[in-house]
Amino acid sequence: MRSSRDKLLHIFKSLLESYGEQGWWPVDWRYHQEQGTDPREEIVIGAVLTQNTSWKNVERALENLKVARCLSFEAVLGLEEEELQKLIKPSGYYRQKAKRLKEVAKHLNPVEKVRTIEREELLRIKGIGRETADAILLYAGDRAFFVIDAYTKRIVERVFGFSGDYESLRRWFEENLPRDLWVYKEFHALLDEHAKRFCRKRPLCEGCPINQVCTQPLR
DNA sequence: CCCCAGGCCGCGC
DNA sequence: GCGCGGCATGGG
């Protein structure tokens, strides 16, 4: 393990080996095929709904939107804000998120814009911060931005022993990984999975697939 | 009862 | 620029 680059790639391989391919972003392809809607719009909507919220609660909100045939930008834009609030209620912060969904749907409509929109422009949309922007760009736009979240920060702090702000961490991943969309998508998903299984706030180091390369003492 | 979950904004400093 | 409170539901 000569360099942090080697170590990073080693961790990616270990997590992939342990947990398997994650296939992120999770999307209901059948729904969109039947409705003739674009699955990328579900990714954008999900990215907003999952802000500081468990995915289980987001799934409930997405299900409500599906039943109402409202899992698309056009439908979101056509709904009364109060109606939208009702549908997404289980995901929490539903008043804020209803506004954010309308904002992002307006700015990214048609959804093909995720292929070309500047990151800076995305960040100017109310309710879209760095993580949400990068998740949208990577998973909906197939663009090489590495997504940093609270889990990623925690794992880097423990395994590598350093911390940094969002942008420096993002650059660090992007500089030390092959510029490959599949790697970016899978790695972020695997880090999430790893944080849930072992690298919790109170870590479970016994049985952790990467405890041999971690700077933390075993707990 | 507590804490947490795939953040972000607006404010005061 | 940084730290903090508010936003809200559902689960452990």
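A, B, ... follow the sequence lines: proteins, then strands. Residue 1 opens every chain.
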Salt bridge or not for A:Glu112 and A:Arg40, using N-O below 4.0 Å? yes
Across the strands shown, which category fits A:Ile125 at heavy-atom distances under 4.0 angstrom: base, sugar-phosphate, nothing? sugar-phosphate
Taking atom CH2 of A:Trp29 as the centre, does the number of heavy atoms from other residues, nucleotides or ligands within less than 6.0 Å exceed 12? no
Answer with yes or no after comparing the ring centroid distance for A:Trp24 and A:Phe187 against a 6.0 Å cut-off, counting only values under it. no
Protein within reach of the bases, or only the backbone? For nucleotides 5-12 of chain C, mark each nucleotide 5' to 3' as B, S or -, using heavy atoms under 4.0 Å. --BBBSS-
Do the two ring centres, one from A:Trp172 and one from A:Phe146, sit under 6.0 Å apart? no
Hey, which sits more toward the 5' end of DNA chain B by its nearest nucleotide, A:Lys126 or A:Trp25? A:Trp25
Suppose you measure atom P in B:dC8 against the same atom in C:dG10; what distance do you get, rounded to whole Å? 22 Å
Please table the atom pairs, donor to acceptor, closer than 3.5 Å between any side-chain atom in residues 61-73 of chain A and protein atoms at least two apart or in another chain.
from    : atom 1 : to      : atom 2 : distance (Å)
A:Asn64 : ND2    : A:Leu87 : O      : 2.9
A:Lys66 : NZ     : A:Asp28 : OD2    : 2.8
A:Arg69 : NH1    : A:Lys66 : O      : 2.8
A:Ser72 : OG     : A:Ala75 : N      : 3.2

With a 4.0 Å cut-off, would you call A:Glu103 and A:Arg100 a salt bridge? no
Length of the NZ-C1' vector between A:Lys196 and B:dA5, whole Å: 9 Å
A:Lys196 NZ: over 12 foreign heavy atoms closer than 6.0 Å: yes
Interface with DNA chain C, restricted to residues 153-165 of chain A and to heavy atoms under 4.0 Å: none
Between A:Glu167 (CD) and C:dC2 (C1'), how many Å, whole number? 16 Å
Are the charged groups of A:Arg197 and A:Glu193 less than 4.0 angstrom apart, N to O? yes
On DNA chain B, does the nearest nucleotide to A:Gly127 precede the nearest nucleotide to A:Ala47 from the 5' side, or the other way round? Give the residue. A:Ala47
Distance in angstrom units between A:Asp149 CG and B:dC4 C1', rounded: 15 Å
